[in-house]
Amino acid sequence: MVGYAFMGAAHSQAWRTVNRVFDLPARARMALICGRDTAKVADAADRLGWDAYTTDWRDLINRDDIDVVDICTPGDSHAEIALAALAAGKHVLCEKPLANTVEEARAMTAAADVARAAGARSMCGFNYRRVPAVTMMRQLVADGRLGVIRHVRATYLQDWIVDPQFPLVWRLQKDRAGSGALGDIGAHIIDLTQYVTGQRISGVSAVTETFVKERPLPAESSGLAATVDGQTAPTGTVTVDDAAVFVARLDGGALATYEASRFATGRKNGLRVEINGSLGSVVFDLERLNELEFYDATRPTAEQGFSRILVTEGEHPYMSAWWPPGHIIGYEHSFTHEMRDFIEAVATGVDPTPSFADALQVQLVLDAVARSAELGSSWAEVAPTLTAAGV
Ligand SMILES: NC(=O)c1ccc[n+]([C@@H]2O[C@H](COP(=O)([O-])OP(=O)(O)OC[C@H]3O[C@@H](n4cnc5c(N)ncnc54)[C@H](O)[C@@H]3O)[C@@H](O)[C@H]2O)c1
């Protein structure tokens with residue numbers, strides 16, 4: 001694994017747990033973790049359960065006994081590490097968004113296609129697909145229970161940079177993060193809604209805004225937290241969007257709205273998706289991730305209404321491996337499910353999803369949103385991926 005902070009910890013928890021919960025054809029051994037600071041990565045290896053540590057990610061690539069490289073770094077290093085790992089025949093799991101640019105994402109997808117022929121698999125870490133209620137949403141749509149999908153309404157709202165004194169961490173720098181709220185949290189709802197509906201965004205009209213354009217430079221930063229050295233800290237320019245709002249057409253005929261913001265005061269990690277079809281509607285809210293609201297318009301009129309399904313039954317996706325019905329799960333379980341699906345695919349020689357090609361398609365949507373916003377919200381078509389990617 002490369003990176004040991006937020007996602008490094010979340011993925012480590014999942015790698016530690018996955019074989020203890022799921023019966024899988026292969027076992028994960030946590031061999032080597034990489035970070036740039038010797039003392040910090042040594043501490044992380046001990047705390048997170050890794051056999052050894054290094055300060056150079058190339059050590060992972062060069063070791064013959066390492067089969068999988070898990071990339072948990074900011075977007076500016078995804079392409080370089082993934083390309084090297086795939087060329088060395090490693091299976092690669094890469095955090096989202098796949099890359100900082102469409103060009104990098106195309107190169108990674110092409111490399112994944114070449115590596116696949118030699119048996120190396122690749123996947124992008126859109127973990128919310130693996131929340132059981134989200135997986136179930138997709139099944140309801142695929143089974144025709146919602147009929148023809150007309151509307152998709154998706155919001156992903158946070159508030160961690162409302163304070164203008166919050167420092168200029170890597171997530172606020174375009175060269176490190178690629179984009180702001182758009183690529184960080186907007187990418188999640190783009191992937192999630194396309195996954196659930198089986199439809200792809202074909203075009204968008206967007207507005208983006210950077211509300212606070214100058215921020216203090218961080219003295220030290222890690223993850224979402226940072227500290228500033230006193231009141232007189234020098235400032236730097238924020239080069240990404242603070243919020244992105246767009247309307248979209250899906251290729252199956254649905255109309256969609258998306259809102260991704262880091263300025264939604266009071267909203268900590270508010271991901272909500274509502275889908276309306278000719279036969280029913282479903283609603284998912286991450287703050288109540290064990291639940292799904294379902295409106296079945298085929299029921300007798302007198303009995304119609306949104307019903308709350310507690311997605312904890314053994315027949316619900318992933319849940320038979322966990323606890324008795326009603327014993328709820330949380331955020332971290334989505335990563336355990338991600339590792340479960342990844343190990344199973346690798347061990348049985350099939351391609352895990354979302355593939356790099358699927359993640360490239362999300363990158364193309366991000367690019368269309370940015371282009372539209374730059375051109376005063378004019379309509380921007382989503383470019384084709386030029387590969388045979390399944391959503
Ligand atoms: N799936 C999700 O829900 C989710 C949530 C948060 C972040 N992410 C994604 O995960 C990735 C990492 O984000 P994070 O929140 O964990 O960031 P973070 O700042 O918490 O951690 C980044 C880690 O990468 C390390 N790092 C940076 N450059 C490196 C290099 N060249 N070599 C070795 N290590 C390096 C840092 O030391 C740190 O350990 C990003 O792509 C982000 O978009 C995904």
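As the structure lists them, so they are numbered: ligands from 1, and atoms in each ligand from 1. Atoms considered below: every heavy atom in the structure, side chains included; atoms not considered: hydrogens, waters and symmetry mates.
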> Is the count of non-hydrogen atoms from other residues, nucleotides or ligands lying under 6.0 Å from Asp143 atom CG greater than 12?
Replying inline: yes
> Between Val245 and Val382, is there a shared hydrophobic cluster once you connect ILVMFWY residues whose side-chain heavy atoms come closer than 4.5 Å?
Replying inline: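 No, it is not one cluster - the side chains of Val245 and Val382 are not joined through contacts under 4.5 Å.
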Contact atoms of ligand 1, heavy-atom distance to [X] under 4.0 Å:
| X | answer |
| --- | --- |
| Asn127 | 1 (N), 2 (C), 3 (O) |
| Phe6 | 5 (C), 6 (C), 14 (P), 15 (O), 16 (O), 20 (O) |
| His78 | 41 (O) |
| Pro74 | 22 (C), 24 (O), 27 (C) |
| Lys96 | 1 (N), 8 (N), 9 (C), 40 (C), 41 (O), 42 (C), 43 (O), 44 (C) |
| His188 | 1 (N), 2 (C), 3 (O) |
| Tyr331 | 3 (O) |
| Arg171 | 6 (C), 7 (C), 13 (O), 14 (P), 15 (O) |

> Does Met7, backbone or side chain, put an N or O under 3.5 Å from an N or O of ligand 1?
Replying inline: yes
> Is Glu95 in polar range of ligand 1, meaning some N or O pair under 3.5 Å apart?
Replying inline: yes
Is [Y] paired with [X] through a side-chain N to carboxylate O contact shorter than 4.0 Å?
| X | Y | result |
| --- | --- | --- |
| Arg371 | Glu381 | no |
| Asp184 | Arg171 | yes |
| Asp358 | Arg200 | yes |
| Lys268 | Asp159 | yes |

> Applying a strict 4.0 Å limit to heavy atoms, is Pro97 in contact with ligand 1?
Replying inline: yes
Check each heavy atom of [X] against ligand 1 and say whether those closer than 4.0 Å belong to the side chain, the backbone, both or neither.
| X | value |
| --- | --- |
| Phe126 | neither |
| Ala10 | neither |
| Val2 | side chain |

> Any idea how Phe263 and Phe211 line up, ring-wise: parallel (<30°), tilted (30 to 60°), or perpendicular (>60°)?
Replying inline: tilted
>> My understanding is that we take every heavy atom of each candidate and find the minimum distance to atom 37 (O) of ligand 1. Doing that for Met1, Arg36, His11, which one comes out nearest?
In response: Arg36
> Out of Tyr128, Trp170, Trp57, Phe335, whose heavy atom is nearest to atom 19 (O) of ligand 1?
Replying inline: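 When every heavy atom of Tyr128, Trp170, Trp57, Phe335 is considered, Trp170 comes closest to atom 19 (O) of ligand 1.
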> Which one of Asp67, Asp351, Asp341, Asp113 satisfies the salt bridge (charged side-chain N to carboxylate O under 4.0 Å, His left out) criterion with Arg121?
Replying inline: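 Of the listed options, the one satisfying the test is Asp351.
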>> Per the salt bridge (charged side-chain N to carboxylate O under 4.0 Å, His left out) rule, what does the pair list look like for residues 278-295, sequence neighbours excluded?
In response: Arg288-Glu291, Glu291-Arg308
>> Exactly one of Asn127, Leu271, Leu192 should register a side chain to side chain contact (heavy atoms under 4.5 Å, CB included) with Val134. Which one does?
In response: Leu192
